[in-house]
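The structure appears right after this line, and notes come after that.
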Amino acid sequence: AGYNRLTFEELFEAAVFNVTPEFIQSWRSAGFKNLAFEDLVRLGIFKVTPEFLNEIKAEGFPNLSPSTAVELRVHKIDRDFIRREKARGFPNATLDEIIEMRLHKIVK
């Protein structure tokens, strides 16, 4: 998949977190052609897929990066959560604001 010279530990991480050639290709097909191997592992750890990224983008966040998508997964923020918060009176909240609300238990 273009990641030559991986260490044994990196190969082990790839196996554990399903960073397969297909997973890597799915990110390349989504337009992320130069992700570092470490970024792919983080995406695999938190089960972030290009589909998840596109769901969040469709909610009005077109400049979403894979690293921000990981942060959303860490805080259990998905499309449904964003829709609920918009309906509860936060229609213009940024992703940073949504994450902060979740962190400070303003929303659940």
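Note that this is a predicted model, so its numbers are computed, not measured.
From Ile56, atom CD1 reaches atom CD1 of Ile82 across 3.5 Å, with rounding to the nearest 0.5 Å. The distance from the CD atom of Gln25 to the NZ atom of Lys33 is 7.5 Å, given to the nearest 0.5 Å. Between the CZ atom of Arg84 and the CD1 atom of Ile98 there is a distance of 11.0 Å, given to the nearest 0.5 Å. For the atom pair CE of Met101 and NE2 of His75, the computed distance is 13.0 Å after rounding to the nearest 0.5 Å. Put simply, CG on Leu40 and OG1 on Thr20 are 10.0 Å apart, with the number rounded to the nearest 0.5 Å.
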(message) side-chain contact (heavy atoms from CB on, under 4.5 Å), that's the test. Do Glu10 and Phe37 meet it? Break it down for me.
(response) CA-CA 8 Å; Glu10 289 170 327; Phe37 182 77; 3.6 Å; yes
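Judged purely by distance below 3.5 Å, without hydrogens or angles, the side chains of Thr49 and Glu51 pair a donor atom with an acceptor atom.
Looking at Glu85 and Arg102, their side chains never come closer than 4.5 Å, going by heavy atoms from C-beta outward. Between Pro66 and Leu35, some side-chain heavy-atom pair lies under the 4.5 Å cut-off. Residues Trp27 and Val48 have side chains in contact (heavy-atom distance under 4.5 Å, counting atoms from C-beta outward). The side-chain heavy atoms of Glu55 and Asp78, taken from C-beta on, include no pair separated by under 4.5 Å. Residues Thr68 and Asp96 have side chains not in contact (no heavy-atom distance under 4.5 Å, counting atoms from C-beta outward). Within the 4.5 Å cutoff, side-chain heavy atoms of Val74 are placed close to those of Phe46. Residues Leu72 and Phe61 fail the side-chain proximity criterion, which asks for heavy atoms closer than 4.5 Å. Looking at heavy atoms from C-beta onward, Phe52 lies in side-chain contact with Arg73 at the 4.5 angstrom threshold.
Atom CG of Asn34 has 12 or fewer heavy atoms from other residues, nucleotides or ligands within 6.0 Å.
Contact record, Lys57 with Pro62: CE-O, 3.5 Å, taken as the closest heavy-atom pair. Residue Leu53 comes nearest to Ser65 through the heavy atom pair CD1-O, 3.6 Å, listed as atom of the first residue, atom of the second, then distance. Of all heavy-atom pairs between Gly44 and Val19, the closest is CA-CG2, 4.5 Å.
Judged purely by atom type and a 3.5 angstrom limit, Ser26 uses its side chain to pair as donor or acceptor with the backbone of Phe23. Side-chain atoms of Arg79 never come within 3.5 Å of backbone atoms of Glu59 as a donor-acceptor pair (strictly under, hydrogens ignored).
The cluster map of Ile, Leu, Val, Met, Phe, Trp and Tyr, joined by side-chain heavy atoms under 4.5 Å apart, puts Leu103 and Phe81 in the same cluster.
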